[in-house]
Participant: 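Quick one: the structure is below, and I'll ask about it shortly.
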Amino acid sequence: MAASNIKQPLLDQLPLNNRNVDPRRRRIRRLKSAPAAELFPGEIDDTKDDQSLLHYESILAKLHPSFRRVILYLSIYLAIGTTCFYFVRNQIQGKKVNGVLDSVYFCVVTMTTVGYGDLVPNSVTAKLLASFFVFSGMALVGMVLSRGADYLVEKQERLLIKALHIRDKVGPSDILEEFETNKVRYKCFVITVTLVVVIVVGTVFLAKVEKLSTIDAFYCVCSTITTLGYGDKSFSTKAGRIFAIFWILTSTLCLAQFFLYVAEFNTERRQKELVKWVLSRRMTNVDLEEADLDNDGVVGAAEFVVYKLKEMGKINQEDVLLLLDEFESLDFDQSGTLSTIDLALAQSS
């Protein structure tokens with residue numbers, strides 16, 4: 001009777017919305033150490049009105065660290081490459097329009113492995129420089145520029161989701177949930193639209209400025225973005241090479257990201273099909289035996305979750321064993337549970 005009298009004041013202090021919650025539903029709580037989701041400034045604050053979703057920040061207004069890194073590395077690469085190729089410009093044969101412009105253009109064509117053949121190294125020094133810059137350029141594209149392109153696509157992806165819900169009364173949490181659920185699908189859509197725009201712009205430019213026919217212009221665009229670079233059609237005018245410096249970088253990266261996102265989408269689709277199959281199939285006695293990690297004859301919630309995650313391919317047996325070893329090393333008193341005393345004793349020892 002006394003215990004019930006003590007519990008009642010404590011129950012009265014609980015919020016009304018917590019009193020009727022099933023205690024079993026409150027066992028799983030969000031980790032305090034879990035990282036916050038990556039949101040735009042102002043998205044975490046739910047008190048913002050829906051008009052904040054309409055705010056479009058320029059991509060270059062607040063540069064992301066990865067994008068700043070792209071600009072830095074690309075600037076260094078082009079500066080060094082342009083300087084080197086400028087000094088050996090007389091050892092590069094082909095149709096030339098301007099010393100500095102040709103050097104930048106040759107540097108970009110080399111880095112992206114397009115290699116039209118309209119400018120070709122014609123000495124030992126120039127060939128060695130081209131060999132060095134083609135490898136370093138491929139590494140730069142693969143490790144740095146692709147990350148910057150991925151950041152830009154995600155930025156546009158968020159804007160696309162906001163635009164789709166511009167008339168819907170949805171909060172930032174709903175938009176974030178949809179972003180995480182259909183992330184790869186929106187990426188594929190954004191990069192596909194971008195790639196189509198790049199192809200159209202390149203075709204129109206080649207037709208208008210380089211005076212190519214529509215078929216030849218489209219043919220040149222395709223051979224460029226796929227880095228095939230036959231060389232029978234290329235940028236030969238001064239204006240064309242200025243345009244090519246920016247367009248070749250953009251188009252080749254767009255196509256690379258497109259194939260990357262398509263592969264990622266197919267992988268995600270297969271993963272979702274596997275998850276659906278795992279959740280829909282019936283449990284058997286054999287499954288219970290495999291899920292019983294501690295061999296006590298019963299399967300708890302944690303053991304069930306671990307077993308299902310293994311079936312889904314999220315984790316494997318080696319991951320589980322490593323985590324169990326770490327748990328045993330931290331469980332100093334071998335009680336089967338962790339406490340602050342266990343952590344203090346384990347760290348001191």
Side-chain angles (χ1 to χ4, degrees), residues 58-61 63-153 155 194-195 198 201-202 205-206 209-210 220-221 223-229 231 234-257 260:
S58 174
I59 295 177
L60 297 178
L63 292 178
H64 191 269
S66 62
F67 198 68
R68 289 199 298 267
R69 194 178 305 115
V70 167
I71 295 177
L72 176 62
Y73 290 162
L74 184 60
S75 300
I76 294 174
Y77 177 88
L78 291 178
I80 297 176
T82 301
T83 303
C84 292
F85 289 125
Y86 180 78
F87 282 116
V88 297
R89 63 188 184 278
N90 295 328
Q91 303 173 30
I92 298 177
Q93 65 179 7
K95 185 176 181 180
K96 302 176 183 178
V97 295
N98 179 271
V100 176
L101 179 59
D102 291 338
S103 300
V104 179
Y105 170 74
F106 182 76
C107 190
V108 171
V109 169
T110 302
M111 177 179 66
T112 56
T113 68
V114 172
Y116 287 124
D118 50 355
L119 293 177
V120 181
N122 195 30
S123 69
V124 174
T125 303
K127 289 178 180 179
L128 290 177
L129 283 175
S131 300
F132 170 77
F133 278 99
V134 70
F135 279 108
S136 58
M138 291 175 66
L140 180 65
V141 171
M143 294 188 298
V144 180
L145 298 189
S146 59
R147 294 183 182 180
D150 190 58
Y151 162 72
L152 291 178
V153 170
K155 191 88 168 178
T194 305
L195 184 61
V198 168
V201 170
F205 183 89
L206 284 166
V209 178
E210 296 291 336
C220 182
V221 165
S223 65
T224 300
I225 65 176
T226 58
T227 69
L228 187 58
S234 62
F235 298 87
S236 57
T237 64
K238 186 175 182 180
R241 290 189 174 177
I242 294 175
F243 172 80
I245 291 171
F246 302 97
W247 182 82
I248 291 176
L249 281 172
T250 305
S251 60
T252 52
L253 278 175
C254 280
L255 187 65
Q257 294 299 114
L260 175 64

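Since we're looking at a predicted model, the values are computed, not measured. All values below were derived from every heavy atom in this structure, side-chain atoms included, with hydrogens, water molecules and symmetry-related copies excluded.
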Participant: Show which side-chain atoms of residues 239-253 pair as donor or acceptor with protein atoms under 3.5 Å away, not counting sequence neighbours.
Facilitator:
residue	atom	partner	partner atom	Å
Arg241	NE	Phe235	O	3.0
Arg241	NH1	Lys95	O	3.0
Arg241	NH1	Asp102	OD1	2.8
Arg241	NH2	Lys95	O	2.9
Trp247	NE1	Val198	O	3.0
Thr250	OG1	Phe246	O	2.9
Ser251	OG	Trp247	O	2.9
Ser251	OG	Ile248	O	3.2
Thr252	OG1	Ile248	O	2.7
Thr252	OG1	Leu249	O	3.3

Participant: Below 3.5 Å, can you tabulate the donor-acceptor pairs from side chains in residues 114-122 to any protein atom, sequence neighbours excluded?
Facilitator:
residue	atom	partner	partner atom	Å
Tyr116	OH	Thr224	OG1	2.5
Asp118	OD2	Tyr105	OH	2.7
Asp118	OD2	Ser234	OG	3.3

Participant: Any idea which heavy atoms bring Tyr77 and Cys107 closest together, and the distance?
Facilitator: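 Where Tyr77 meets Cys107 most closely, the heavy atoms are CE2-SG, 3.5 Å.
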Participant: Can you give me the closest heavy-atom contact between Ile71 and Ser75, atom names plus distance?
Facilitator: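 In this case the closest contact between Ile71 and Ser75 is O-OG, 2.6 Å.
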Participant: At what distance, to the nearest 0.5 angstrom, does OG of Ser103 lie from CD1 of Ile92?
Facilitator: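 CD1 of Ile92 is found 6.5 Å from OG of Ser103.
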Participant: Identify all side-chain donor-acceptor contacts of residues 124-142 below 3.5 Å with residues at least two apart in sequence or on another chain.
Facilitator:
residue	atom	partner	partner atom	Å
Ser131	OG	Lys127	O	2.8
Ser136	OG	Phe132	O	3.0
Ser136	OG	Phe133	O	3.3

Participant: Rounded to the nearest 0.5 Å, how far apart are CG of Leu195 and SG of Cys254?
Facilitator: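 Answer for the CG-SG pair, Leu195 versus Cys254, is 6.0 Å.
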Participant: Could you work out, with side-chain contact (heavy atoms from CB on, under 4.5 Å) as the rule, every residue matching Asn98, not counting sequence neighbours?
Facilitator: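 Asn98 satisfies side-chain contact (heavy atoms from CB on, under 4.5 Å) with Val100, Leu101 only.
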Participant: Got a sec, which pairs hit salt bridge (charged side-chain N to carboxylate O under 4.0 Å, His left out) with one end in residues 74-87, sequence neighbours left out?
Facilitator: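 Listed by first then second residue: nothing to list.
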Participant: If only atom types and distance count, is the side chain of Thr82 paired as donor or acceptor with the main-chain N or O of Ala79 below 3.5 Å?
Facilitator: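 No: the side chain of Thr82 does not pair with the backbone of Ala79.
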Participant: Who are the side chain to side chain donor-acceptor pair (under 3.5 Å) partners of Thr113, not counting sequence neighbours?
Facilitator: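 Thr113 satisfies side chain to side chain donor-acceptor pair (under 3.5 Å) with no other residue.
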Participant: Which heavy atom of Thr237 sits nearest a heavy atom of Val97, and at what distance?
Facilitator: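 For Thr237 and Val97, the tightest heavy-atom pair comes out as C-CG1, 4.3 Å.
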